[in-house]
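Note on naming: letters A, B, ... go to the chains in the order of the sequence lines (proteins, then strands), and numbering restarts at 1 for each one.
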Amino acid sequence: MNERMPSFVRRLDRAVVIAFACIVLLLILGSLYSSSFLSPEYLLQQLKVASFLGVIATGMMLVILLGQIDLSVPWAVSTGAMMACAAAAYGDVGAAFAIPFGILCGVAIGVVNGLGVAYLRIPSMIMTLATNAVAQGAMVVYTGGFSPQDSATGAMRFLATGSMIPGIPNVVIIWALVGAGMVFVLTRTSFGRCVYGIGNRERAAYLSGINTRRIVLIAFAVAGGLSALGGILLAGYASKAAQSMGDAYLLPAIAAVVLGGTSIIGGRGSYLGTIAGVILITLLQSILSVMQMPEAGRQIIYGLVIIVMLLLYGRTAAER
Amino acid sequence: EPEVVSGPSADPECFAPWSAETKFYKFPKKDGPFRIALANGYIANTWRIQMVQTAKAYAAQPDVAAKLKEFKVVSTGEDVPAQISAINNFIDSGYDAIIVNAQNPTAFAPVIKRAKQAGVVLVAFDNILDTEDAINVNVDQKGLGELWGDWLVKYLPNGGKVLEVRGVAGTSVDTDRHTGLHEKLQASGKEFKVTEVMGKWDDGVAQKVAADAIATNGPFDGITAQGGDTGVVQAMIDAKHPFVPFGGETENGFRKLCAKHSADGLKCTSAGSGPAQVAVAIKTAIAALEGQVIPQEVKLPLAITSDGEFKEGQDFFPTESDNFFVGNSFPTCGINFTAQEIMGQTKENQ
Amino acid sequence: MKDWRYWLSAQQGTLTAVAIFAVMFVIYTANHPAGFTANVVQTAANKGVLLAFVAMAQTLVVITAGIDLSVGMILLLTNCLASWIVIGTPLETAMGVIAVLLVGALCGAINGAIVIYGRLQPIVTTIATGAVYFGVALLLRPFPGGSVNEDLADALTGRLFGVIPSSLVALAGVVLIVWIPYSRSVYGRAAYAAGSSETAAYMSGMPIRRGKFLSYTLGGLIAAVGGLFLTFFTYTGDAALASGNAYTLFSIAAVVLGGVSLFGGKGSAIGAIFGALAFRTIGDLLFVFDFDPIWQPLFQGLILLVAVSLGAIALVRVRNRLEWFL
Amino acid sequence: MQQSYDLFRMEGISKRYGGVRALEQASLTLKAGRIHALLGENGAGKSTLIKIMSGVVSPDQGTMLMDGQPVTFPSPAAANDAGVVCVFQELSLIPELSVADNIMVSRPPTRFGMIDRRAQRQIAEEALARTGASDIHPLALVKDLPLSRRQMVEIAKALARKPRILILDEATSALTAGDVRKVFEVLKRLRSEGLALLYISHRMNEIAELADDCTVFRNGSNVASYPAGTKSDEDVIEMMIGREYHSAYPPKPEPVPDKKPVLDVQNLSWGDRLHDISFSLKAGEIVGLGGLDGQGQRDLLLALFGVLRDVKGTVLVDGEPVRIESPTQARDHGIGMALIPEDRKTEGLMLPMTVRENLSFAALDQLAKNGVIDGKKEQTLIDRMMKLLSIKAGNLDVPVGTLSGGNQQKVVIAKWLMRSPRIVLLNDPTRGIDVGTKQEIYQLLRRLADEGAAILFYSTDYAELIGCCDKVLVLYDGAVKRQLVGSEITEHALLASALNLPEAERVQELAS
Ligand SMILES: Nc1ncnc2c1ncn2[C@@H]1O[C@H](COP(=O)(O)OP(=O)(O)OP(=O)(O)O)[C@@H](O)[C@H]1O
Ligand SMILES: Nc1ncnc2c1ncn2[C@@H]1O[C@H](COP(=O)(O)OP(=O)(O)OP(=O)(O)O)[C@@H](O)[C@H]1O
Ligand SMILES: [Mg+2]
Ligand SMILES: [Mg+2]
């Protein structure tokens, strides 16, 4: 692209632009079915719902940039939510620490992932699968034995459903903050550079004197924490925590990140793309759901749309 | 090989036959104490955990424990073949009766054959088996749908727009409830415009799809949800949707909201399938082993609580979790657990 | 070095999987109330073989440095299809079986075509095609049901000569008819080469595209064999999303336990088969040990964690830290 | 020798990669029974040309004729079928396959549609023997072989395809002198059998020994073709770089005897690969590591840099004993070490990342305050490095992978100079680098030394060691066999100690 263009325009790669174009196209198609798809309430509602996926996908993106993947999202989400609600059972002190405690539990899952992937060199796909199973087991034990408290605290409710700035739901603000933080980290900090570097070639990064294992560990911990935060917000939204609440977020999170132009093999991608991907997936799911399409048709269209969009812009370059 | 006899069954209050056509079985009497196994599938949700804990608590009751030599529980997850194998293993290990919450109603034909040959009593509950060779203990899923249909018809005598939040596509529970509902709406002869969304029996999902439906197709005159009802009400509140009549399940959270907003128009009927049915299944299995007459299909009473009847501390528990299923007792069978008693059990024992 | 040492080091992953399985299976049968009987083995075999097929299917794709997250959905789709058409006279049944296998191969071929000719990443491609396949499965079987030729089903899930589980024989048959020729063919080797180093393989003039395409297609075909077996095992078709996803994830675990590298180019379906059997035995161990039911999932998760961490032992021997990075 | 005729012609070939013009109206003619050398500085387009010849990439323009007939190669397989076979600069071996599999990769012997492993092994063994590499076991996995062995396998693989035209793109860059000799014999034999050979190398002496015809490339076009031996080295180099060329090596300063060593290594051992190595390195000194390839030189550098585990012995920096357990420790904590690694593509650079990101990657800790990168400071330093090394890149934000090999290598060096290291370890930094760039690198090393850096420099090229180093340690089997200082550093002495053979006669015999 032209060098004289402002740098933020230059950075917009084709994938991001097309992803946003697809969002507009989806909305137009939706509005053919019902004009309420263009109503501000509906759009705001979608943005709000997208925020949960957005927060979770942020962590997923960080891990994918490293060339890894985090399959422990489902139970990291649930663990975060359930533990936060559990803490709330311990009086006011518990309620005050509910959110940090929930996040901490997610971080703990992430740390285990990170230790396995970075220090034991276990492929992330299987390591995170195993921690997911362990987290699930732990939650089953917990639910079965400790008279679980699973109502969200007022603070969680407020974060998920309130709006400090009139008209803008708090979750959207939280997502914006998380996103802004991630953009800053990825573009301005040495940690961010290292993430891209490791995603491209960990060996070279290591020989450059980077403590690559620590970076990978931190990235997984952050991803676990963000999954848990997503779970906490979801619990606030639903006003309670449930075991299965994370199931619906794993594949959409991966799909959103990739639809946003991030390379699944790591080292390439921008957060703007992830935003687009998250909104795309959320809208697509919502429109298909409201259109009264039977489940089968919905699955088929969902899959086809993802493939078609990726064929539009997500193809790797031909070598010749 | 049970003998087909004529009713009534041994404990007619508890072992109520499904219908007039239901057969009655009398298994050859065996000497106790018995070895009974529970082959559970999925475990990672509150309903299942509550169910497993109830089973353990029931088996530990002195009068029941006296009849049992061993009570073993195995959860195999969502995978049907794993559950089939577990049952096979129980058969090979010589258990007298096997209780199963089947992941799939039709998949167990081969293993049912084997159980029959081996003289093992097979009792299915909740997700029952499509066969006459096992005893089925269940609530009337279609009846639940009918209950909700009737409820909506009652409050919307002129028809109207209804939001139906369904469960997991392709499961028989979802289909039965859906069919029951629509039959009743149809039978009313009024015009009901139903918007269906899939809530997956999950609060988060149900809330999301309900919110979407309200934003695009709302407002609705009546709502029914198969599960995740707390989320659906939450979505109404968030969207400032007026409270309307609601037919739903038995989650504590849902009932809390029903009690609270009844005056504002949230007229609820709440009924469902409590996890304590596992205890009825165990009781049935023991009765069968003892050679008592039992129906092939046991119909559990629907514990219905409707608007105006919600009693604190009995039908809902304001200080407790939203998440568990109230109605954990079947008084006709002498099974009276409260949910907190079950879910807190280990803690108290410690 | 002697030739057999090269062979040994090449088969290391597979042999480890065999060893893990053997140890676990011995523990299992030694503690089983019924002991090491034909019935117990048959039960374990039927359950294991099903996952073994799915793991084999996954292996074929993983070898090319891809991954098939739709493999569980192909299993469901072919299961639902089989519950319609694998029934009737022997001829009809045979035609049904062939049709099911073809549909499985078609699913695999679609994955392959999109990945290879569409140049998309396998992970997302198969997430998306998985949704499509599941949708079709749901169209075929909105509710569990259907039926299958029970004679065939019983024959394939029963025992030969009263002792040998016929499912194991079927598994061996698929290995002989599909895996061995594939892995020794020019295309199979091209698939390995593409997984190991695609550029090098391309520059060497290997038919990588056809090799990869063949892998995906055969992967679909073997997943369809799995689907058939699921049908034989359950007599029905059932489009259960959760179980499809479970099989996909299990297959990945099995493949890793079986010594197949997720980075491609290394490992064999034989290893994956034993990985699958070992993975299944983890679940079976619950049966023979008296665990509180509430603790069972945690126990299972921990065993899996330990099993996948076993590979890390090799790290102790690494004296050049660069070897951490492949 | 057979009658030589025009076997292959390329005319008007052009190829662009995005904005980069790799080839512009290039042409080349190959004759049967002759060895044709292709010369040119890094990025001149040599590799691109032969990738087009061998079907790896398709040209934007131009025609190719074989035996006078126009041909197009849609894939490497098609080129192979036509008899054009290439030994690529970036090796085209498959690491997870065995040597035999690799050699017979494109058309293995089959039985019943399956690969006949027995026959394959036999053919592979023959091919290895013909290449003079029968020490390689055909069942070994390629990934377990050292680079020099892999290159031999690569050549064996090419021979096994029975080519009519054989292309070697820097095929000897990682080979030991002995291997090179064996390969040359093979090549000469092939020439006499009537093949056309195209040979690319940056080593002038190799070209002098082998070539019959030469073509010089510059900026994507052929600038001159001439029969071998008709031009002096200086002329050729000037054609390549397009300017005048002076002596390659900067003058060496007088040694300062009483300086304290910056790095003092005592009795360093590592497993069975390094034995009891002791030496010291002073500020301002360039110490070379000599010996045959694979005698532990690379391991020594990695051991010093903290990459190897369980290293025994003492390392003193400024007289203080240190334990370096990772590159992170090596680069800071008052040690200030830098390592220019062996393989720039996988160890030195992140190819898809930009030149800017690569340059600042090793110095991020110094460029960042509280983890946030100071963009201005980064830009200043990068500008200085770009100038210091005169790196040719269109723009700082292009992927570093699009630079030519020499410029990539400069980026690797520059990224470490960003930290102003006190101890610089270099692992064969001029492999595959053109003479012009090499000269710049030599001068740079000397300047660094003059500014106070201590440099340890491994090279496979003896001339380089002789020209650059103040002292050379010759390694043999993981131990220092000899230290050569100042005027002792001669080709004769280097070779003698490298082969661990003191007798001068034998050396002369081998050298001839
Ligand atoms: N790493 C790579 N580098 C360059 N090109 C590649 C690479 N991988 C695949 N290709 C593409 O592969 C194609 C040729 O691949 P291959 O030789 O495997 O073809 P094939 O199997 O004969 O396929 P087909 O059946 O379509 O003829 C080229 O057109 C090229 O675009
Ligand atoms: N895949 C590619 N993408 C972009 N540019 C490329 C690519 N391959 C080569 N180039 C560019 O084409 C030009 C010619 O490169 P080529 O590799 O042919 O040079 P060379 O003469 O072989 O150099 P060397 O002596 O370093 O091997 C260089 O400027 C290089 O940067
Ligand atoms: Mg080159
Ligand atoms: Mg080059």
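Residues in residues 242-253 of chain C take part in no salt bridge (Lys or Arg N to Asp or Glu O under 4.0 Å) pair, two or more places apart or across chains.
The ring-ring contact (aromatic ring centres under 6.0 Å, His included) with C:F53 is formed by just one residue from the set C:F229, C:F250, C:F232, C:Y247; it is C:F229.
One distance of note links CG of B:L181 with CH2 of B:W148; it measures 8.5 Å at 0.5 Å rounding. Summarising the geometry, atom OG belonging to B:S85 is positioned 11.0 Å from atom CD1 belonging to B:I91; distances are rounded to the nearest 0.5 Å.
Heavy atoms of B:A82 lying under 4.5 Å from chain C belong to its backbone as well as its side chain. Neither the backbone nor the side chain of C:F134 comes within contact range of chain B, judged by heavy atoms closer than 4.5 Å. In this structure, chain C has a heavy atom under 4.5 Å from the side chain of B:R114, while its backbone stays farther away. With a threshold of 4.5 angstrom between heavy atoms, C:D154 approaches chain B through side-chain atoms but not through N, CA, C or O. At a 4.5 Å heavy-atom cutoff, the contact between C:A242 and chain B is made by backbone and side-chain atoms alike. Interface remark: C:Q42 contributes no atoms to any contact with chain B (heavy atom separation under 4.5 Å). Of the two parts of B:Y42, neither the backbone nor the side chain holds a non-hydrogen atom closer than 4.5 Å to a non-hydrogen atom of chain C. Residue C:N46 does not touch chain B at all, counting heavy-atom pairs closer than 4.5 Å.
With sequence neighbours excluded, no residue forms a ring pair (Phe, Tyr, Trp, His ring centres under 6.0 Å) with B:Y58.
When each of C:P293, C:P33, C:S243 is checked for heavy-atom pairs under 4.5 Å with chain B, C:P293 comes out on top. If you tally non-hydrogen atom pairs under 4.5 Å between each of B:V52, B:N88, B:N104 and chain C, the highest count goes to B:N104.
For the pair C:L51/C:F279, a side-chain contact is recorded, criterion being any heavy-atom separation below 4.5 Å from C-beta on.
The pair C:K47-C:D284 counts as a salt bridge, with a side-chain nitrogen and a carboxylate oxygen less than 4.0 angstrom apart.
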